[in-house]
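I have placed the structure first, in the form of C-alpha cells, so that the comments after it can refer back to it.
Computed from a prediction, not measured in an experiment: that's the story for all the values here. Residue numbers start from 1 in every chain, and the chains themselves are labelled A, B, ... in the order their sequence lines are given, proteins ahead of strands.
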Amino acid sequence: MGRKRGLDRPCCQTVTPLPRSYDVVSMVRTRFAPSPTGYLHIGGVRSALFNWLFARHHGGQFVLRIDDTDQQRNVDEALAPILAGLKWLGIDWDEGPEVGGPHGPYHQSQRTEAYAAAVEQLLAGGFAYRDYARTEEIQAEREAAQAAKKSFVYSRRWMAETDAQAAQFEAEGRQAVVRLKTPHEGTLVIDDLVRGRVEFNWADEQDHVIQRADGSCLYHLATVVDEHDHQITHVIRAEEHLSNTPRQLFIAESLGYELPRFAHLPYVAEPGSKTKMSKRKIPKYIKNPEFAALYNHGLAIAERLGLETSEDVFNPVVTDFYEAVGYLPEAIVNYLLLLGWSLDDRTEDFSREAMIEAFTLERVNKAPASFDPNKLMAVQDRYMQRLSIDRKVELARPFLVGAGLLAASSDEAESDPRIAAVLEAAGDRIRVAGDILDFDDFFLADDALVYDEKAFAKRLGADEAQALLRDFATRLGDVDPFDAEATEACLRAFVEERGIKIGDLVHPIRLAVTGKAKGFGLFETLAILGRDAVLRRIELALTKAAAGT
RNA sequence: GGCCCCGUCGUCUAGUCAGGUCUAGGACACCGGCCUUUCACGCCGAUAACACGGGUUCGAAUCCCGUCGGGGUCACCA
C-alpha cells in the first residue's frame, strides 16, 4: 500500500484525513499479537477473527506474533492454550509460531536486536533522548499535573542530549532510560477504518519510555518495529489501543516507516453492561441470570467429567470453556462475528466462506457490544441441529467416556448403538455435545439409577399408581417386538381398557425406567432400553416405592 | 481529573455518510396461546427503542449546537 499522504513528516501538523473508504493496492497483511497469558480471552478471539477475516477477504496474509516482551518463564506453556484455541476455532495463521515464515522471528523476545537498533536510530535522529530522571521525580511531576487538572507533560529536566550532560547525571548516580521526544504542538489526525477521523493534540502526549535502563525495550516501540518488519498493512486491534496510536505513529514516522492503516474495534463488553469483559469478574457476571445459566450449564457438564473447575481454567470468558463443554467452533465463530459486525438487517447465518466473502471493516460497529449468552446458545443450537447423527455420535462419545459411562476405547464402545439411538431420540434437546450426559440413564446399570425423589413421590408414591404400573409391566413382558410402535400400542390398549388417562401411566413408567421426570418420547425410551432393562427397572422402582411408603 | 471514543427495543443489530418510502425492520431473550405423555422443538401472537434539550428544514433516528450518560486510556504492563 502507498504511504499515507497526510501522515508524512512532520507529523505534528494538522493533516488532511483520508476518506474512510480505501483501496487495497498490494497484499494485505494483518496480525494478531497475543501475549502468552495461558488462556485465550473470548474478546481476543473476536479481534483475531476480524484480522483473519480481513486478510482472507482480501486474499492476504494473517500473521501471528507473540508479545512476550516481558515474560521470561514458561512462554511455551502459556502459549499452548492460545494456539490450541485458535486452531480449534479454525483461525489459521500464515506466519508465526509453528509455521515460521519469511519475516521471522515472530516472538518479541527474539527480536531484541531489532528494537535496540530502532532505539539507536531514534536517538541519532533526535526523536528520542536519554533521560536520567528518577521514578519519584517523574511521579512528582505527574501528580502536579493531575492536581493542576492538566495533561502530564514531562519537563525534560533530566534530559541528556550531550555526552557531557549524561556524564554529569551519571556522576550523580543516575541511570538513563530512553524516552520519546514527543512533539509539543500540533494535531494528529488518524483516519481509522472503523471510527473515522480521530484527532489528538500533541500537547497532551507525553514522552513515553521506550527503553529501560537495562536496555530492554517497551511494548510500543516493539510493536511498531514488528509491524514494520512483518510488513503489516492493517493494524486491527481493540479500542483500548486507540489512545496509544499517536506515540506509535510518532515512532513509525521517525523511523521512516511506511505507515499501516489502523482499525480500532470496540471491545466485547460484559453481559448487560458496557464495561470491557474481564476473566476475573465471574462472580459479578454470575449475578446476570443469562450468564449464570450458561456458566452453570457448562459447570454441570464439567463436573460430570471431573474437570478442574476453578475460575482460572474453567470460565466462559475463556475459549477453553466452550471446547470443554462441547460447543461447536463454527458456532462460536459465527456468534462472535455478529458481535460488533453485521452484513444487513437479517443475515445471521454465515458459513466460513460466506463470512470471508462478506466481511468488511466498514460494517464494524463503533459501540461496544455486550456478550449475550442467550444468543450464543441460540446460534450454537442452530449449528448443532444441522449435524448428522454420525457426527453427533463422534462429538458425544468422548463425553460419555469422560464421565465413565462408556469404556474408554474398546471396540464395544466404538460401536455402541445406544449413542446414536439416544442422540436420534433426543434431537434438539442436545444443544452442546456435553448434553448427552443428561441422558446418562441409558448408559447406567439398572441398579445404579438415581431417581428424582420429588417426582418419584408424586408419580409413584400412591398405591394405585404402583398397582397400575405392576399390572402394566406384566403386559409389557409380552410385547414383541419390543419397539416404540408395539409398546405404544400396548400402552394405549391398556389405558383404554382401564379407562384411565395415558398420563397416569406415562409418568410413572418414565420415572421408573429413567429416574427422571422429563425426557424424550417414552416409547423411544423403552425401545432403546430394551425389554429386560425396562422390566428390571420397573421392578426396582416398585421395590423402592414399597419401601418408601 | 486530562485526553479520546461511544449512545436505536432487556441484548445483538438494520436504518445515520447521500433527511421523506421509519406510525423505526430483523434476531435472541421474556410474556401469552396452540401442539403435546413430560421436557424440548415447532407454530401463532403480544410487550418493547431513536439518551435529553435546543436549532436548521415543508419534513430529522438521520444535519448543527449544547447537555447528560456510558466506556477506554493516562506505567520503566502488554
Requested in this report: To the nearest Å, give me how far apart NZ (K516(A)) and P (rC39(B)) are.
Outcome: 16 Å

Query raised in the report: side chain to side chain contact (heavy atoms under 4.5 Å, CB included) with F439(A): which of V422(A), T514(A), T525(A)?
Result: V422(A)

Query raised in the report: Does S370(A) put a side-chain nitrogen or oxygen below 4.0 Å from OP1 or OP2 of rC12(B)?
Result: yes

Requested in this report: Identify the heavy atoms of R363(A) and S342(A) that sit nearest to each other, and give their distance.
Outcome: NE-O, 2.8 Å

Report task. Determine the contact category for A176(A): base if any of its heavy atoms lies under 4.0 Å from a base atom, sugar-phosphate if only primed atoms, P, OP1 or OP2 are that close, otherwise nothing. Result -> nothing

**Report entry** Phosphate-side-chain proximity, R247(A) and rC74(B), N/O vs OP1/OP2 below 4.0 Å
**Finding:** no

Query raised in the report: Ignoring hydrogens and angles, does a donor from either the side chain of H220(A) or the base of rA78(B) sit under 3.5 Å from an acceptor on the other?
Result: yes

**Report entry** Touch class at under 4.0 angstrom, heavy-atom based, for G521(A) against every strand present
**Finding:** base

Requested in this report: Report which part of the nucleic acid E240(A) touches: base, sugar-phosphate, or nothing (heavy-atom distance under 4.0 Å, all strands).
Outcome: sugar-phosphate

Requested in this report: Could you tell me whether K501(A) contacts a base, only the sugar-phosphate backbone, or nothing, with contacts defined as non-hydrogen atoms closer than 4.0 Å?
Outcome: nothing

Query raised in the report: Taking the same atom, C1', in rA14(B) and in rC28(B), what whole-Å distance lies between them?
Result: 15 Å

Query raised in the report: Contact class for G427(A) vs. all strands (heavy atom < 4.0 Å): base, sugar-phosphate, or nothing?
Result: nothing

Report task. Pick base, sugar-phosphate or nothing for Q206(A), based on heavy-atom distances below 4.0 Å to the nucleic acid. Result -> sugar-phosphate

Requested in this report: May I ask you to say whether R156(A) pairs ionically with D207(A), meaning some side-chain N is under 4.0 Å from a carboxylate O?
Outcome: yes

Query raised in the report: Would you call D440(A) and K516(A) a salt bridge, using N to O less than 4.0 angstrom?
Result: yes

Report task. Consider the side chain of D67(A), meaning its heavy atoms from C-beta on, and name the nucleotide among rA75(B), rC5(B), rA78(B) that approaches it most closely. Result -> rA78(B)

**Report entry** SB check R142(A) E136(A) (cutoff 4.0 Å)
**Finding:** no

Query - Interatomic distance where NZ belongs to K375(A) and C1' belongs to rA29(B) [whole Å] - result: 10 Å

Query raised in the report: Rounded to whole angstroms, how far apart are CG on D381(A) and P on rC41(B)?
Result: 8 Å

Report task. Can you tell me the pairing partner of rU73(B) across any strand shown, Watson-Crick or G-U wobble, with both distances under 3.5 angstrom? Result -> rG2(B)

Requested in this report: Under 4.0 Å between any heavy atoms, over every strand shown, what does R142(A) touch: base, sugar-phosphate, or nothing? Just pick one.
Outcome: sugar-phosphate

Requested in this report: Could you say whether I502(A) or A33(A) is positioned toward the 5' end of RNA chain B, judged by the nucleotide with the nearest heavy atom to each?
Outcome: I502(A)

Query raised in the report: Side-chain N or O of K149(A) less than 4.0 angstrom from OP1 or OP2 on rC3(B)?
Result: no

Report summary line: Rounded to whole Å, CG of L343(A) lies from C1' of rG25(B) at a distance of 15 Å

**Report entry** Closest nucleotide among rG72(B), rA29(B), rU37(B) to the E239(A) side chain
**Finding:** rG72(B)

Query - Plane angle bin for H220(A) and H208(A) - parallel if under 30°, tilted between 30 and 60°, otherwise perpendicular - result: tilted

Query raised in the report: Out of rU37(B), rC3(B), rC12(B), which has the shortest distance to the side chain of L522(A)?
Result: rU37(B)

Query raised in the report: Is there aromatic stacking of H241(A) against rA78(B), centre distance under 5.5 Å, plane angle under 30°?
Result: yes

Requested in this report: Please evaluate the base of rU13(B) for a donor-acceptor partner in the side chain of R346(A) within a cut-off of under 3.5 Å?
Outcome: no

Report task. Return the orientation label for the Y39(A) and H41(A) ring planes: parallel under 30°, perpendicular over 60°, tilted otherwise. Result -> tilted

**Report entry** Between P of rC74(B) and CG of L180(A), the distance in whole Å
**Finding:** 15 Å

Query raised in the report: Would you call E330(A) and R386(A) a salt bridge, taking side-chain N to carboxylate O under 4.0 Å as the test?
Result: no

Query raised in the report: When we call it a touch if two heavy atoms are under 4.0 Å apart, what does Y335(A) touch: a base, just sugar-phosphate, or nothing?
Result: nothing

Report task. Ignoring backbone atoms, establish whether S342(A) has a side-chain N or O less than 4.0 Å from OP1 or OP2 of rA14(B). Result -> yes

Query - R363(A) side chain near rG15(B) phosphate (N/O to OP1/OP2, under 4.0 Å) - result: yes

Query raised in the report: Given that both distances must come in under 3.5 Å, which nucleotide forms a Watson-Crick or G-U wobble pair with rU47(B)?
Result: none

Query raised in the report: Going by an N to O cut-off under 4.0 Å, is there a salt bridge joining R65(A) and D226(A)?
Result: yes

Requested in this report: Determine the contact category for D372(A): base if any of its heavy atoms lies under 4.0 Å from a base atom, sugar-phosphate if only primed atoms, P, OP1 or OP2 are that close, otherwise nothing.
Outcome: base

Query raised in the report: When you check the phosphate oxygens OP1 and OP2 of rA14(B), does a side-chain N or O of N365(A) lie under 4.0 Å from one of them?
Result: yes

**Report entry** Separation of atom NE2 in H208(A) from atom P in rC77(B), rounded to whole Å
**Finding:** 13 Å

Requested in this report: Look at all strands and tell whether T135(A) reaches a base, only sugar-phosphate, or nothing, counting heavy atoms closer than 4.0 Å.
Outcome: base

Query raised in the report: Nearest of rU37(B), rC76(B), rC5(B) to any side-chain atom of L218(A)?
Result: rC76(B)

Report task. Please determine if a side-chain N or O atom of K366(A) lies less than 4.0 Å away from the OP1 or OP2 oxygen of rG72(B). Result -> no

Report task. Hey, which sits more toward the 5' end of RNA chain B by its nearest nucleotide, F371(A) or A148(A)? Result -> A148(A)

Query raised in the report: For Q108(A), which contact category applies under a 4.0 Å heavy-atom criterion: base, sugar-phosphate, or nothing?
Result: sugar-phosphate

Report task. Calculate the interatomic distance between E137(A) atom CD and rC76(B) atom P; express it in whole Å. Result -> 14 Å

Requested in this report: Name the pairing partner of rC58(B), where a pair is Watson-Crick or G-U wobble with both distances under 3.5 Å, or state none.
Outcome: rG20(B)

Query raised in the report: Can you find a donor-acceptor N/O pair under 3.5 angstrom joining the side chain of R429(A) to the base of rC39(B)?
Result: yes

Query raised in the report: Please give, in whole Å, the distance from rA24(B) P to D344(A) CG?
Result: 21 Å

Query raised in the report: Considering Watson-Crick and G-U wobble pairs with both distances under 3.5 Å, what does rG42(B) pair with?
Result: rC34(B)

